[in-house]
2 protein chains.
Amino acid sequence: MVSRRKASPPAPGTRDRILTAAMEEFAARGFDGAKVDRIAQRARVNKAMLYYHFHNKAALFLEILRGQFGAVADAVASVRSAGGSPEHQLLSFTETIARQALARPQFPHMWLREIADGGRHVDASVIGEFRRVLATLGAILADGQRTGDFVKADPFIVQISIVAPLMFFAASAPLRERAGKLIPPKPPSPSLEDVIQHVQASVLSVLSGNATTSRAPKLRRPSR
Amino acid sequence: MVSRRKASPPAPGTRDRILTAAMEEFAARGFDGAKVDRIAQRARVNKAMLYYHFHNKAALFLEILRGQFGAVADAVASVRSAGGSPEHQLLSFTETIARQALARPQFPHMWLREIADGGRHVDASVIGEFRRVLATLGAILADGQRTGDFVKADPFIVQISIVAPLMFFAASAPLRERAGKLIPPKPPSPSLEDVIQHVQASVLSVLSGNATTSRAPKLRRPSR
DNA sequence: GTCTATATTTTGATAGAC
DNA sequence: GTCTATCAAAATATAGAC
């Protein structure tokens, strides 16, 4: 008899319902656009209940952010520990990020928003998860350079080259939908598979150094 | 004497000050996070003045969105009309997007936000500017395919492969700054030049088809 | 743990004088 | 064109009963 005895049963997942509802609301509207009332409604609880489980709106938001980034960082880390050639790990890294975006549709939106907000709502723990992802990729790249498979490249640049297109694509579905309605006809959207393949081909080809060795001698020239 | 005679001089750029202030506020905080009071303060006018020049918050926001996207679409269009080989135009396209992000620091933030918001604040005119950019790139790619310089590729995918990393990088500066403070030391950020070069090398190499012709026979395999 | 009612603050927007 | 004063509607958060 640790505690609990009397005073209403432990709630059949009330807290989780709130988390889910909040996740959707925050992803769709952002921190300021999200309304506590709406979150409570979606979760089928009342505001008081929400404030019983979470200190305030910001704390609720932070908990969700931490959860999302943590899960992604975990998934990515498992790619590395699964082993394989640097090339294999690099392709897996890419695919994993994409799969996470599918598994957590709110994740791309929240990532874009946090960037746009300058990280106003993140704390050290979220930054930590963020860095874990980058560290994993950095290790993969270092391996590849050691084996001679990859040319030298800045991990951060490689990371945004992989992640940014995937996030853009995943998050922009609603916008493309709306665009199609505002100015029909809606141009056909490529599949996530196609995007993944393109991104994989891009990274692999630059890192393989067969970029433009022969042709296009003066890259980055067209300054005017 | 068309009109104006009496009733205060035409205002030394009051309207422009409001537009500038609003641009900064909207970019930094988003539509919901931006406060009319703060915009008025920054512009050194009062709310009534703001509502004299613009119908409401949404209209002000829309005017800014239109302006930003329109300017970028113009810049990109001029790249194409300047002519040159498909390769040259493709590199120029990339550089121009990056230069626009520098010239209009608010642009990347607003682009990210509109994607995350599902285009809730855009209207047909904004979509139109958006499509102009894509159409320009599409034309460049078509040229390149005709001349045999480029392999076939979905313009939209190519576009996000170019634009997304640039926007991510440009917009994430404040977040990286904050991250460095939360968990020192702040890892050194690559320069925009480096990012541009990497993106240019990537696109060119995939479109040149020398991606992974020889090695890595089974792209996209690491499904598990 | 859960709900109703309510306090408090913030915010978008306008009236009306100059 | 510009400003002061102010309204009315949201929205965050809490008190207190059950």
Side-chain angles (χ1 to χ4, degrees), chain A residues 1-65 113 117 120-121 123, chain B residues 1-65 113 117 120-121 123:
Chain A
M1 249 135 269
V2 186
S3 72
R4 177 179 305 131
R5 195 76 250 260
K6 201 73 173 284
S8 343
T14 301
R15 196 189 144 93
D16 290 327
R17 284 212 316 284
I18 296 177
L19 277 173
T20 302
M23 200 158 65
E24 293 169 0
E25 174 79 358
F26 281 132
R29 312 259 190 169
F31 184 80
D32 292 300
K35 300 307 167 192
V36 177
D37 284 288
R38 224 163 9 212
I39 295 175
Q41 255 187 287
R42 283 201 202 208
R44 305 194 310 280
V45 300
N46 51 55
K47 272 192 296 199
M49 194 70 263
L50 190 152
Y51 283 107
Y52 170 80
H53 283 286
F54 303 93
H55 180 53
N56 57 23
K57 191 183 175 182
L60 174 56
F61 186 80
L62 192 58
E63 185 147 332
I64 290 173
L65 257 199
R113 287 187 193 286
D117 280 339
R120 195 176 295 125
H121 314 99
D123 68 351
Chain B
M1 251 132 270
V2 185
S3 72
R4 176 183 305 132
R5 194 76 251 265
K6 204 64 170 293
S8 347
T14 300
R15 195 190 146 93
D16 291 327
R17 284 213 314 286
I18 297 176
L19 277 173
T20 302
M23 201 157 64
E24 292 168 2
E25 175 78 359
F26 281 132
R29 312 259 190 170
F31 183 80
D32 292 300
K35 300 306 166 194
V36 177
D37 284 286
R38 228 167 2 216
I39 295 174
Q41 254 186 286
R42 283 201 202 207
R44 305 192 311 280
V45 300
N46 51 56
K47 271 192 297 201
M49 193 72 262
L50 190 153
Y51 283 107
Y52 171 81
H53 283 286
F54 302 92
H55 181 52
N56 57 23
K57 191 183 177 183
L60 174 57
F61 186 80
L62 192 59
E63 186 149 331
I64 290 173
L65 256 198
R113 287 187 193 287
D117 281 339
R120 196 177 293 124
H121 314 100
D123 68 350

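Residue numbers start from 1 in every chain, and the chains themselves are labelled A, B, ... in the order their sequence lines are given, proteins ahead of strands.
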Residues in side chain to side chain contact (heavy atoms under 4.5 Å, CB included) with Ala22(B), at least two apart?
Phe26(B), Ile39(B), Leu60(B), Ile64(B)
Between dA15(D), dT2(C), dC3(D), spot the one nearest the side chain of Tyr52(A), thanks.
dT2(C)
Name all pairs fulfilling the salt bridge (Lys or Arg N to Asp or Glu O under 4.0 Å) condition that reach into residues 53-64 of chain B, sequence neighbours left out, sorted by first residue then second.
Arg15(B)-Glu63(B)
Identify which nucleotide among dC3(D), dT2(C), dT2(D) has an atom closest to any side-chain atom of Thr14(B), counting heavy atoms from C-beta outward.
dT2(D)
Partners of Arg42(B) by side chain to side chain contact (heavy atoms under 4.5 Å, CB included), sequence neighbours excluded?
Ala21(B), Glu24(B), Glu25(B)
Hits for side-chain hydrogen bond (donor to acceptor under 3.5 Å, both in side chains) against Asp37(A), two or more places apart or cross-chain, chain-then-number order -> Lys47(A)
For Gln41(B), which residues count as a side-chain hydrogen bond (donor to acceptor under 3.5 Å, both in side chains) partner, sequence neighbours excluded?
none
Bend angle of the helix from dG1(C)-dC18(D) to dC18(C)-dG1(D), from helix axes over five pairs at each end, nearest 10°
0°
Side chain of His53(B), heavy atoms from C-beta onward: which of dT2(D), dC3(C), dC3(D) has the nearest atom to it?
dT2(D)
Residues passing the side chain to side chain contact (heavy atoms under 4.5 Å, CB included) test with Ala58(A), sequence neighbours excluded, are Phe31(A), Asn56(A)
Restricting to salt bridge (charged side-chain N to carboxylate O under 4.0 Å, His left out), what partner residues turn up for Asp123(B), sequence neighbours left out?
Arg66(B)
All N/O pairs under 3.5 Å across the protein-nucleotides 10-12 of chain D interface:
unit_1  : atom_1 : unit_2   : atom_2 : d
dT12(D) : OP1    : Lys57(A) : NZ     : 3.1
dT12(D) : OP2    : Val36(A) : N      : 3.2

